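Presented below is the structure to which this report refers.
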Amino acid sequence: MLKIYGIPNCNSMKKAFDLLKSKNISFEFHDYKKKGLSPEKLNDFLKNLGSEIVLNRQGSTYKQVDEQTKASIANIESLKTLLLQKTSAIKRPIFEYNGNYLAGLNEKELDSFLTI
């Protein structure tokens, strides 16, 4: 089954939900705000997608981070700490399907990812 990671009040997430529903694709939603994120799952994201994709530098959460913290995230352990504390700084949505991951909402990429 397709699993989507994110936060419910995000416009990208709402668009993803609407898109999947319009295609009659069932999914499970993992809400970071309610369920958090395990270090193991974050490691999966980073391993499969890379830190440049997983960290959402365009979002307001990242923009509010102080400069010292931003400088420290060049270190992967510091990045993991930040992302586990501030899950809103993770790119949204992240899709997981058959052990593969896709970040962001692009309909063509998602169709290809799901082999629709």
Side-chain angles (χ1 to χ4, degrees):
M1 169 174 281
L2 176 65
K3 191 165 189 177
I4 305 173
Y5 297 86
I7 58 176
N9 293 333
C10 169
N11 287 336
S12 295
M13 294 299 299
K14 291 174 185 176
K15 289 176 186 175
F17 298 148
D18 290 344
L19 176 64
L20 293 169
K21 288 175 185 174
S22 75
K23 294 177 179 267
N24 294 315
I25 298 172
S26 60
F27 60 90
E28 177 185 339
F29 172 51
H30 180 97
D31 182 347
Y32 297 141
K33 295 295 182 189
K34 290 184 179 176
K35 298 178 182 176
L37 184 67
S38 72
E40 296 79 15
K41 185 53 66 178
L42 178 59
N43 285 335
D44 286 346
F45 291 173
L46 293 167
K47 178 182 172 189
N48 288 280
L49 298 168
S51 60
E52 287 303 313
I53 291 174
V54 174
L55 175 60
N56 181 8
R57 294 177 189 270
Q58 304 305 313
S60 61
T61 301
Y62 178 77
K63 291 176 181 176
Q64 294 172 6
V65 172
D66 64 79
E67 292 303 316
Q68 182 179 356
T69 301
K70 286 179 181 177
S72 75
I73 61 173
N75 172 298
I76 192 70
E77 294 306 317
S78 295
L79 174 63
K80 289 177 186 179
T81 299
L82 172 71
L83 294 176
L84 289 171
Q85 290 174 349
K86 298 184 180 291
T87 54
S88 295
I90 298 172
K91 176 84 171 168
R92 298 178 301 269
I94 292 183
F95 299 95
E96 179 181 6
Y97 186 67
N98 290 337
N100 296 305
Y101 294 87
L102 175 70
L105 182 60
N106 176 301
E107 186 173 355
K108 289 181 182 179
E109 288 180 5
L110 182 59
D111 285 349
S112 177
F113 178 72
L114 298 173
T115 60
I116 295 173

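Worth knowing before you read on, the calculation uses all heavy atoms, side chains too, and leaves out hydrogens, waters and symmetry mates. Since the structure is predicted, the reported quantities are computational estimates derived from the model, not experimental observations.
Hydrophobic clustering (side-chain heavy atoms under 4.5 Å, transitive across Ile, Leu, Val, Met, Phe, Trp, Tyr) groups Leu82 together with Leu49. In terms of hydrophobic clustering, with Ile, Leu, Val, Met, Phe, Trp and Tyr side chains grouped at heavy-atom distances under 4.5 Å, Ile7 and Leu83 are assigned to a common cluster. Note on Tyr97 and Leu46: separate hydrophobic clusters, where clusters join Ile, Leu, Val, Met, Phe, Trp and Tyr whose side-chain heavy atoms are under 4.5 Å apart, directly or indirectly. Cluster annotation: Leu42 is not connected to Leu102 through the hydrophobic network of ILVMFWY side chains, with a link wherever side-chain heavy atoms come within less than 4.5 Å.
Between Ser78 and Ser72, the shortest heavy-atom contact is CB-O, 3.2 Å. Between Ala103 and Ile94, the shortest heavy-atom distance links the atoms CB-CG1, 4.1 Å. Between Met1 and Phe27, the closest heavy-atom pair is SD-C, 3.9 Å. For Phe45 against Val54, the heavy-atom pair with the smallest separation is O-CG2, 3.6 Å.
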Exercise. Apply side chain to side chain contact (heavy atoms under 4.5 Å, CB included) to the pair Tyr32 and Leu37, showing each step before the final yes or no.
Key: CA-CA 6 Å; Tyr32 297 141; Leu37 184 67; 3.9 Å; yes

Quiz item: Where do Leu110 and Phe95 land on the side chain to side chain contact (heavy atoms under 4.5 Å, CB included) test, with the steps shown first?
Solution: CA-CA 9 Å; Leu110 182 59; Phe95 299 95; 4.0 Å; yes

Quiz item: Run the salt bridge (charged side-chain N to carboxylate O under 4.0 Å, His left out) check on Asp44 and Lys41 step by step: do they pass?
Solution: CA-CA 5 Å; Asp44 286 346; Lys41 185 53 66 178; 3.6 Å; yes

Quiz prompt | Stepwise side chain to side chain contact (heavy atoms under 4.5 Å, CB included) test for Glu96 and Asn48 | solution = CA-CA 10 Å; Glu96 179 181 6; Asn48 288 280; over 6 Å; no

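Between Lys33 and Ser88, some side-chain heavy-atom pair lies under the 4.5 Å cut-off. Taking 4.5 Å as the limit, every side-chain heavy atom of Tyr5 sits out of range of all side-chain heavy atoms of Arg92. Using a 4.5 Å cut-off on side-chain heavy atoms (C-beta onward), Lys70 and Arg57 make no contact. Between Pro93 and Phe17 the shortest side-chain heavy-atom distance does not fall below 4.5 Å.
Proximity of a side-chain donor or acceptor of His30 to a complementary backbone N or O of Gly36 within less than 3.5 Å is detected. At least one donor-acceptor pair closer than 3.5 Å links the side chain of Ser22 to the backbone N or O of Leu19. Of the possible donor and acceptor atoms, one in the side chain of Thr81 sits under 3.5 Å from a partner among the backbone N and O of Glu77.
Asp66 and Thr69 form a side-chain donor-acceptor contact under 3.5 Å, judged by distance and modelled atom types alone.
Residue Leu55 holds its CG atom at 6.0 Å from CG of Leu79, rounded to the nearest 0.5 Å. Taken to the nearest 0.5 Å, the CD1 atom of Ile4 stands 12.0 Å off from the CG atom of Asp31. For the atom pair OG of Ser51 and CD1 of Ile73, the computed distance is 8.5 Å after rounding to the nearest 0.5 Å. The NZ atom of Lys47 lies 13.0 Å from the CD atom of Glu40; values are rounded to the nearest 0.5 Å. In this structure, NZ in Lys91 is found 8.0 Å from CD in Gln58, a value given to the nearest 0.5 Å. Here the CE atom belonging to Met13 is positioned 11.0 Å from the CG atom belonging to Asp18, to the nearest 0.5 angstrom.
At most 12 heavy atoms of other shown residues, nucleotides or ligands fall within 6.0 angstrom of atom NZ in Lys86. More than 12 heavy-atom neighbours from other residues, nucleotides or ligands sit within 6.0 angstrom of NZ on Lys14.
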